[in-house]
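Chain A is the first sequence line, chain B the second, and so forth, proteins listed ahead of strands; every chain is numbered from 1.
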Amino acid sequence: MARPFSVTEVEAKWQARWLDEGTYNVDNDDTRERFYALCMYPYPSGSAHQGHVRNYTFGDLVVRYQTMRGKAVLSPFGFDSFGLPAENAAIKAGSHPRIFTEDRMQELKSSVLKLGAVYDWRRFVYSHDPEYMKWAQWIFIKFFEAGLAYRAMAPVNWCPGCATVLANEQVLGDGTCERSGDVVERKNLEQWFFRITDYADELLRDVDGLEWPDRVKTMQRNWIGRSEGVEFNLTFASDPSKTLRVFTTRPDTGFGITYAVVAPEHPLLGILTTPEQKASVDKLVAEASSATEMERTASSDAGAGLDKRGAFTGSYVINPFNAEQVPVYVADYVLGTYGTGAIIAVPGEDERDYAFAQAHGLTVRRTVAAPADVEGPYSGDGPHINSGFLDGLSIAEAKVQAASFLEEKANGVRKVNYRLRDWLVSRQRFWGCPIPIIHCDNCGLVPVPEDQLPVVAPDDVVMDKSGQSPLATHEGFRAVACPTCGAPARREADTMDTFTDSSWYFLRYTDPFSKDKPFDPVEAAKWMPVDQYIGGIEHAILHLLYARFYVKALVDLKIAPGVEREPFKRLFTQGMIRLDGSKMSKSKGNLIAPEKYYPTVGADGLRVFHLFVGPPADDVDWTDQTEEVIDGCARFIDRLVRLAQGFDVTIHEATTPEDLAVTQAVHRTIARVTSDLDRWSYNTAVAALMELLNTLSRQSRSDEGISKTTLDDALDTMLLLLAPMAPHISAELWEERRPTDRSVHQQSWPVADPAMLVEETITMVIQVNGKVKTRLEVAPGISEEEAGRLALSTPEVIEALEGQPAQRVVARPPRLVNVVK
RNA sequence: GGGGGCGUAGCCCAAUGGCAGAGGCAAGGCGCUUAAACCGCCUCCAGUGUGGGUUCGAGUCCCACCGCCCCUACCA
């Protein structure tokens, strides 16, 4: 489309100026009120896609808007530059992941610059920068020394394609790897963990105080999964000296226990299993341990509907409530990693137990009276039955009694369990931050001394397809003298989960200049917490949870004393871009590259589109009409340009009532746009500016015209309001109009004059029974009585009342009166 | 199975319990033009997924259902 100005020239000019002048650099001794705006740490995936554009458009708007509001705004940028895609690509291409990664960092950085997004580039941080790695490793060592990092054998998810261990959350619902799509297997390996469960309670509690979308808060709570219950012993029927420890949240259903179940990996399984049952138990265990997530979930939808596979162990335990002997089963629906790895089964009240009981012909006994129409398990409330001393009690009452009973009789203890597990942080990969630990036969696990940090992976590695991490087999890297005793020792070959890098980068941004510490806690405390964090919903659980944990741990370890314990005060999650119903993403190959728009509609046009297309939190459907909408946004800019350049404008001398109306519209727009930007209603903010431009343009082109002052003031205000949205053209037009003045971006945000917001008369709607009958022009300050009186005196109301007195008059002056007949 | 979101004009979306239309796209007409594009002006188009409820008043709040989307999933 033909544009009335050179888009590429204007945009390049201003981008260069912001970069060269460091317009958005902010110093730590700045005395203005502080504001920390941050978009989530991006993985360098190459040139930006529309999701990035959307993200950085919102982020940049916040930065520029808050700057105009007089704040010292911290706007940093960096890259989450470690990670599997680079490593896989390097293996494929036979090159080094660094080369691949840095190319893509350049690309994404240049895309972001072309969008006109502004940052303090002096604070640039990237994960594979040795300076950053040094402190990442230093923090790891502090965690290790504090007992927050530990090693343990763990049944882990093994992806054969990636030849690495995956975190649970990297395994998709269908049991495949989120990266490679391979079917994930289970293996027992020694791994590094962070003790995030120490913070489970605080992580859960603090969710309440966050200004985050409710659904993200709910997701965090569900992920942590707190449940209160009782842990107690079941005595072996064959040997009263042996017990099986179980956990339940429903001790009140104890009289309904008809069997018990242990997980396939339960340590007592061996002694529980009788010789006659050994074959079938072994078979079940073998199936369960080789079972992939895929096989476990493939048979049906999920949850209680799954096949309840299991085997009788041959042993019995005694139900402490009624002294009955009940059989012990092994089944893979009981998890070894949760609770005690063993449960009581109450098929009358639990869906999963019920399904298992049905499948294995076990007794079902209700302990809570269920409504007549309930046939299967009933988990609702009701009086207890068949339950001895609990009969007649509600669930809540019975829980208390039963827990006390178990405390007395069965070594019971009230306990809180969490679904949250410790964070498995080791990865058998090359392209990550090496774990700074040395394995010494004499001294055990020895941290790498601080003066030898960072541990950097050697460059002379062979990136081949063997699946082995190049670090594991690199003798030059692994062979090292023990820092404590000097004996030959081995360096740890695992690297850290990249979620560790994104768990403290925002702290480094506050003070990336420190050479002798990860960041200055005083500077960090001044900037933190992040005032506005912006990112995708896909990070709603893990990244946010891990970062919250890191900050709490760093504060407790006195590395970040004085820093707020919650890092992200306000979170905004943007909607995703979808094409033909599915998410627009590189992996799906359905990208619409932003690059094609820069020479035509420009970054400004594309930004206005992303702001205008719909509520920022909603998904965007990229349809056949989208191109036309984008053109429409560029057209809006063009109309403004032509008006600013005086095209087709008629100027008159005196100030007329029409001029006043225009000025009032300008001030109403200031109020609207300001409140819209504050509440993330960017689509309506753009609409308000379009509306103002329509008003202004119509008046300027009309025969009577507009006064120069009115037009100038209106245009100046428009440019100020538009500056955070379309920063290039706003700056350019501002400069054309006020060449000696400071840039529009260094101006103060306009404030609406209250006098200009007052309307002389207001249209008051007169309703009868909620139906509009007529409208009156009234003074804004009209009283309730006066409004009601006026309404009752209108011919329309008199006619509608048909001579009857009004039953009621609801007056809401000055907007509305409703007469109830 | 659990949790959350969304259904308003041909389409994208506004309306913060008070006149259903702010803005845009598309369509049609007129003007400008040798002509077209651009540009300008004008017009057309819904009673808010369905059924109840609360209220003087419901697109908005509550309940149920229908449709679509997202997250989560054997956590005892």
[X] has an atom [atom1]; how far is it from atom [atom2] of [N], in whole Å?
X: A/Tyr378; N: B/G1; atom1: OH; atom2: P; result: 18 Å
X: A/Gln767; N: B/G18; atom1: CD; atom2: P; result: 11 Å
X: A/Leu816; N: B/A58; atom1: CG; atom2: P; result: 12 Å
X: A/Phe647; N: B/C32; atom1: CZ; atom2: C1'; result: 11 Å
X: A/Asp703; N: B/C41; atom1: CG; atom2: C1'; result: 13 Å
X: A/Lys771; N: B/A58; atom1: NZ; atom2: C1'; result: 11 Å
X: A/Ile541; N: B/G3; atom1: CD1; atom2: P; result: 16 Å
X: A/Trp223; N: B/A73; atom1: CH2; atom2: C1'; result: 10 Å

>> According to ring-ring contact (aromatic ring centres under 6.0 Å, His included), who are the partners of A/Phe356, at least two apart in sequence or on a separate chain?
In response: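 Per chain and number, A/Phe356 pairs via ring-ring contact (aromatic ring centres under 6.0 Å, His included) with A/Tyr259, A/Tyr329, A/Tyr333, A/His360.
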>> Among residues at least two apart in sequence or on other chains, which ones pass ring-ring contact (aromatic ring centres under 6.0 Å, His included) with A/His266?
In response: none
Sort out the partner of [N] for me: Watson-Crick or G-U wobble, both distances under 3.5 Å, none otherwise.
N: B/C56; answer: B/G18
N: B/G28; answer: B/C42
N: B/G1; answer: B/U72
N: B/G67; answer: B/C6
N: B/A36; answer: none

If you only use heavy atoms from C-beta on, which nucleotide in [options] is closest to the side chain of [X]?
X: A/Glu691; options: B/C25, B/C70, B/A22; result: B/A22
X: A/Asn818; options: B/C70, B/G18, B/A76; result: B/G18
X: A/Arg215; options: B/C70, B/C39, B/C74; result: B/C70
X: A/Val772; options: B/A20, B/A22, B/C56; result: B/A20
X: A/Val334; options: B/C25, B/C39, B/A76; result: B/A76
X: A/Asn694; options: B/G24, B/G4, B/C71; result: B/G24
X: A/Met690; options: B/G40, B/G23, B/A73; result: B/G23
X: A/Val629; options: B/G57, B/G24, B/C19; result: B/G24

>> Measuring only the C1' atom in each nucleotide, how far is B/C69 from B/G23? A whole number of Å is fine.
In response: 26 Å
>> Check the phosphate of B/C25 against A/Arg635, side-chain N and O only, distance under 4.0 Å to OP1 or OP2. Yes or no?
In response: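 The answer is yes; a side-chain N or O of A/Arg635 sits under 4.0 Å from OP1 or OP2.
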> Quick one: is A/Thr763 getting a side-chain N or O under 4.0 Å of the B/C19 phosphate, OP1 or OP2?
Replying inline: no
> Hey, is B/G47 sitting syn or anti, using the within-90° cutoff around 0?
Replying inline: syn
> Can you tell me if CZ on A/Arg642 sees more than 12 non-hydrogen neighbours from other groups inside 6.0 Å?
Replying inline: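 For A/Arg642, atom CZ is crowded (more than 12 foreign heavy atoms under 6.0 Å).
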> Heavy-atom count around A/Asp624 CG within 6.0 Å, excluding the residue itself: above 12?
Replying inline: no
> Relative to the ring of A/Trp680, is the ring of A/Tyr682 parallel (under 30°), tilted (30 to 60°) or perpendicular (over 60°)?
Replying inline: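 Ring orientation, 0 to 90° scale: tilted.
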> Could you run down nucleotides 9-17 of chain B 5' to 3' and tag each one B, S or - for protein heavy-atom contact under 4.0 Å?
Replying inline: -BBSSSSB-
>> Regarding A/Gln807, tell me which of base, sugar-phosphate or nothing describes its non-hydrogen contacts under 4.0 Å with the strands shown.
In response: nothing
> With a 4.0 Å cut-off on heavy atoms, is A/Val765 in touch with a base, just the backbone sugar-phosphate, or nothing at all?
Replying inline: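 If one applies the 4.0 Å heavy-atom cut-off, A/Val765 turns out to touch a base.
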> Starting at the 5' end of RNA chain B, which residue's closest nucleotide do you reach first, A/Gly339 or A/Val820?
Replying inline: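 This one resolves to A/Val820.
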> For A/Val819 and A/Asp353, take the nucleotide of RNA chain B holding the closest heavy atom to each; which residue's nucleotide lies nearer the 5' end?
Replying inline: A/Val819
> Do A/Arg775 and B/C19 have a side chain to base donor-acceptor pair shorter than 3.5 Å?
Replying inline: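 Yes, a donor-acceptor pair under 3.5 Å.
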> Considering only heavy atoms and no angle criterion, is a donor-acceptor pair shorter than 3.5 Å present between the side chain of A/Arg812 and the base of B/G18?
Replying inline: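 Donor-acceptor pair under 3.5 Å: yes.
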> Between A/Asp214 and A/Arg221, is there a salt bridge with N-O shorter than 4.0 Å?
Replying inline: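 No, no charged N to carboxylate O under 4.0 Å.
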> Are A/Lys399 and A/Glu228 within salt-bridge range, i.e. N to O under 4.0 Å?
Replying inline: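 Not counted as a salt bridge, because no side-chain N and carboxylate O are separated by less than 4.0 Å.
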Just by modelled atom types, is the [Y] backbone N or O under 3.5 Å from a matching donor or acceptor in the [X] side chain?
X: A/Lys217; Y: A/Leu210; value: yes
X: A/Arg365; Y: A/Phe255; value: yes
X: A/Glu231; Y: A/Val246; value: no

